[in-house]
Amino acid sequence: MRSSILLCLLLAIPAFAAKSKTKDIMVETKNISYKDGATELDGYLSRNPKATETQSAVLIVHDWMGNGGFTKEKAELLAQMGYVGFAVDIYGKGVRPKDAAEAGKLAGDYKEHRDKIRSRIKAAYD
């Protein structure tokens, strides 16, 4: 029993150490305005400004409530891990649903018209 607990603790130490190392990395964040046709979009970029080599980028698509704290936090975590994180704006600048009913209607429109969501993701990629 004791050896099992000790083994679990020893296995957990590297995980905590790795997590604390990434927390120490400073990241630069900023909102990026870009367009998909005439629609203005507002993405969120997070990167390590001290990176000396090319970094891979990861696009993060928000949930049905729009680009918010959760998505931005994921972009920052990716930057701490050595990537460039970019939170894509699917709905458009300033378009954020107030409740689940509004979110369902907005998200449903993109579900029905997948070409629109592809276009928004491509605009973020470009």
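What you see below is based on every heavy atom in this structure, not just the backbone, and it leaves out hydrogens, waters and symmetry mates.
Taking 4.5 Å as the limit, some side-chain heavy atom of Q80 sits within range of a side-chain heavy atom of V27. Side-chain contact check for S33 versus K93: some heavy-atom pair is nearer than 4.5 Å. By the 4.5 Å heavy-atom criterion applied to side chains, K35 and T39 are not counted as neighbours.
Under the 4.5 Å side-chain heavy-atom criterion for Ile, Leu, Val, Met, Phe, Trp and Tyr, V58 and L41 are members of distinct hydrophobic clusters. Each of I32 and L78 belongs to its own hydrophobic cluster when Ile, Leu, Val, Met, Phe, Trp and Tyr are linked at side-chain heavy-atom distances under 4.5 angstrom. Both V84 and V61 belong to a single network of hydrophobic side chains, linked directly or stepwise wherever heavy atoms of I, L, V, M, F, W or Y lie under 4.5 Å apart. Under a hydrophobic clustering in which Ile, Leu, Val, Met, Phe, Trp and Tyr are joined whenever their side-chain heavy atoms come within less than 4.5 Å, directly or via other members, I90 and Y44 fall into different clusters. F86 and I121 fall within the same hydrophobic cluster, where Ile, Leu, Val, Met, Phe, Trp and Tyr residues are linked whenever their side-chain heavy atoms come under 4.5 Å apart, directly or through other members.
Aromatic rings from Y125 and Y34 are positioned such that their centres are separated by 6.0 Å or more.
Ionic pairing of R47 and E28 is present here: one or more N-O contacts between side-chain nitrogen and carboxylate oxygen are shorter than 4.0 angstrom. Between D36 and K116 there is no salt bridge, since none of the side-chain N atoms of the basic residue sits less than 4.0 Å from a carboxylate O of the acidic one. Salt-bridge annotation for D109 and K105: absent, with no side-chain N of the basic residue lying under 4.0 Å from a carboxylate O of the acidic one.
Rounding to the nearest 0.5 Å places CG of L106 at 10.5 Å from CH2 of W64. The CZ atom of R114 sits 10.5 Å away from the CD atom of E112 when rounded to the nearest 0.5 Å. To the nearest 0.5 Å, the span separating CD on E73 from OG1 on T29 amounts to 13.0 Å. Note that CD of Q55 and CE of M81 are 12.5 Å apart. Values are rounded to the nearest 0.5 Å.
When each of R96, R120, K72 is checked for a salt bridge (charged side-chain N to carboxylate O under 4.0 Å, His left out) with D89, only R96 meets the rule.
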Fill in: side chain to side chain contact (heavy atoms under 4.5 Å, CB included) assessment of H62 paired with F70
CA-CA 8 Å; H62 57 75; F70 181 79; over 6 Å; no
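Nearest approach of G66 to T71, heavy atoms of both residues: O-OG1, 4.4 Å. Heavy-atom minimum distance, S46 versus A79: OG-CB, 3.4 Å.
Residue Y110 qualifies as enclosed at atom OH: its count of foreign heavy atoms under 6.0 Å is above 12.
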